[in-house]
Visitor: 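Sending over a structure as C-alpha cells; questions will come in a sec.
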Amino acid sequence: MTLITKLQKLYAKAICVELGIVGAAGWTSGRKFTIQNNYDIKMDNVRCESYSWTSCTFITDHNCEHSEDVFLKCYSGEEESKFTLVNSDGEAAGAGELGLLLYKQGTVCDDDFDNKAAKAICVELGIVGAAGWTSGRKFTIQNNYDIKMDNVRCESYSWTSCTFITDHNCEHSEDVFLKCYSGEEESKFTLVNSDVRHQDEQCSL
C-alpha cells in the first residue's frame with residue numbers, strides 16, 4: 001500500500017512515532033522504486049493535529065498516481081544516547097525487556113524518578129513510550145557500577161525538560177530498572193526499501 005498526500009513534518013513525525021521510531025528526518029515523493037507499481041494506493045489526504053496518529057484523519061479513495069507516493073525517513077537513533085539498558089549479564093536489553101538503567105555506564109537512583117522520567121528516557125533511547133519501571137536489587141552485576149545519577153525530575157516526556165544531579169545519597173537497592181515500549185503491537189505502517197526489506201533509510205511507505 002502507498003500513502004499519497006502533501007505531507008508536512010507534523011504528519012511525517014506522527015507516522016514515524018506510530019512505527020515506533022522517534023521523530024522524522026524528512027520525506028519526499030515521486031517515482032523512485034520500480035516496485036511501486038506492485039502496490040495499490042490505499043491512503044490519501046492525511047491530516048494530523050499533533051505528532052500522535054490518533055489525531056490524524058485520511059481517506060482511502062484517491063485521485064493519485066504512483067508519482068505521488070510518499071517516501072519517509074525516520075530518525076534512526078544512531079546518535080549514541082548517554083543511557084543504556086542492560087540485562088542480568090550486562091549485555092544490551094532489548095525493547096520490551098526489563099533492564100537495568102545506566103547513565104554514562106553508571107546506575108540511576110530512584111529518588112524523584114516517576115513515569116514522566118521513564119517515558120522521557122525511553123524516547124531518548126529512541127523507543128516510543130515506557131511500559132513500566134521499578135527499582136531494587138535484581139541483578140548481581142549492580143555492584144559493578146557506580147551510581148551516576150539521582151533526583152531525576154521531568155516536566156514532560158522530553159529529556160530536555162529534565163533535571164538531575166550526579167551526586168547521590170543512594171544504595172544499589174534504589175537502582176532503576178526500565179522497560180520501554182517494545183512495538184510488538186503491529187503497526188498499520190511499514191517502511192520498505194527497493195527490495196522490500198525493512199530498513200532504516202529513506203523508503204517507500
Side-chain angles (χ1 to χ4, degrees), residues 12-25 50-54 73-187 189 191 198-201:
K13 187 166 182 177
I15 292 172
C16 283
V17 169
E18 180 70 7
L19 285 164
I21 307 169
V22 177
S50 73
Y51 294 146
S52 169
W53 180 247
T54 58
K73 181 178 180 181
C74 295
Y75 172 70
S76 67
E78 291 173 354
E79 181 179 345
E80 187 176 1
S81 173
K82 301 177 183 69
F83 295 103
T84 53
L85 291 175
V86 297
N87 61 21
S88 59
D89 296 320
E91 299 173 351
E97 178 183 0
L98 186 69
L100 176 64
L101 178 62
L102 300 180
Y103 171 76
K104 293 185 176 180
Q105 292 305 302
T107 63
V108 177
C109 182
D110 66 2
D111 291 346
D112 296 325
F113 201 89
D114 61 10
N115 290 337
K116 278 186 181 177
K119 188 164 184 177
I121 291 171
C122 283
V123 170
E124 185 73 6
L125 285 166
I127 307 171
V128 177
W133 69 276
T134 186
S135 60
R137 280 195 177 271
K138 300 179 184 299
F139 297 164
T140 57
I141 61 168
Q142 288 173 243
N143 286 334
N144 299 342
Y145 300 98
D146 294 327
I147 298 170
K148 293 285 187 75
M149 182 180 281
D150 193 13
N151 291 18
V152 181
R153 299 183 181 94
C154 298
E155 297 299 321
S156 73
Y157 296 143
S158 170
W159 180 246
T160 57
S161 77
C162 304
T163 60
F164 62 91
I165 61 174
T166 52
D167 295 326
H168 70 89
N169 59 350
C170 306
E171 303 291 334
H172 282 297
S173 58
E174 300 169 83
D175 287 348
V176 170
F177 289 77
L178 182 61
K179 180 180 179 181
C180 293
Y181 172 71
S182 67
E184 290 173 355
E185 180 179 342
E186 187 176 2
S187 172
F189 296 102
L191 292 176
H198 293 283
Q199 193 159 301
D200 181 23
E201 59 181 42

Visitor: Under the ring-ring contact (aromatic ring centres under 6.0 Å, His included) rule, collect the residues that match up with F164, sequence neighbours excluded.
Guide: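 So F164 forms a ring-ring contact (aromatic ring centres under 6.0 Å, His included) with Y103, W159.
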Visitor: Would you mind writing out the side-chain donor-acceptor pairs for residues 144-153 within the sub-3.5 Å range, not counting sequence neighbours?
Guide:
residue : atom : partner : partner atom : Å
K148    : NZ   : K104    : O            : 3.0
R153    : NE   : D112    : OD2          : 3.3
R153    : NH2  : D112    : OD2          : 2.7

Visitor: Sequence neighbours excluded, which residues qualify as side-chain hydrogen bond (donor to acceptor under 3.5 Å, both in side chains) partners of T140?
Guide: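 Applying side-chain hydrogen bond (donor to acceptor under 3.5 Å, both in side chains) to T140 gives none.
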Visitor: Within the 4.5 Å heavy-atom criterion, are L85 and L101 side-chain neighbours or not?
Guide: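 In contact.
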Visitor: Please list, chain by chain and in numerical order, all residues satisfying side-chain hydrogen bond (donor to acceptor under 3.5 Å, both in side chains) with T54, sequence neighbours excluded.
Guide: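 T54 satisfies side-chain hydrogen bond (donor to acceptor under 3.5 Å, both in side chains) with S52 only.
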Visitor: Just so I know, are the side chains of K179 and W133 near enough to count as touching, which here means a heavy-atom distance under 4.5 Å?
Guide: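 No. Closest side-chain heavy atoms not under 4.5 Å.
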Visitor: To the nearest 0.5 Å, tell me how far C180 SG sits from I121 CD1.
Guide: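 Rounded to the nearest 0.5 Å, the SG-CD1 separation comes to 8.5 Å.
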Visitor: I'd like to check the side-chain hydrogen bond (donor to acceptor under 3.5 Å, both in side chains) partners of T134; sequence neighbours left out, ordered by chain and number.
Guide: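 Here no residue qualifies.
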Visitor: Give, for atom CG of D110 and atom OG of S173, the distance between the pair rounded to the nearest 0.5 Å.
Guide: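 So the gap between those two atoms works out to 8.0 Å.
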Visitor: With heavy-atom distances below 4.5 Å as the criterion, would you say the side chains of V108 and L102 are in contact?
Guide: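 Counting from C-beta outward, V108 and L102 never come under 4.5 Å.
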Visitor: State which residues pass side-chain hydrogen bond (donor to acceptor under 3.5 Å, both in side chains) with D111; sequence neighbours excluded, sorted by chain then number.
Guide: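 Scan of D111 (side-chain hydrogen bond (donor to acceptor under 3.5 Å, both in side chains), adjacent residues dropped) gives none.
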Visitor: Give a yes or no answer on whether the side chain of D89 reaches the backbone of E91 with a donor-acceptor pair at less than 3.5 Å.
Guide: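 No, the answer is negative, given that no donor and acceptor are paired below the 3.5 Å cut-off.
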Visitor: Suppose we screen for side chain to side chain contact (heavy atoms under 4.5 Å, CB included). Which residues come up paired with F139, at least two apart in sequence or across chains?
Guide: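 Once residues adjacent in sequence are excluded, the partners of F139 under the side chain to side chain contact (heavy atoms under 4.5 Å, CB included) criterion are S88, L100, I141, Q142, F177.
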Visitor: Scan residues 154-177 for pairs that pass salt bridge (charged side-chain N to carboxylate O under 4.0 Å, His left out), counting only residues two or more places apart or in two chains.
Guide: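 Not a single pair qualifies under salt bridge (charged side-chain N to carboxylate O under 4.0 Å, His left out).
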Visitor: Main chain of S161, side chain of S156: is a donor-acceptor contact present, judged purely on distance under 3.5 Å?
Guide: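 Answer holds: no.
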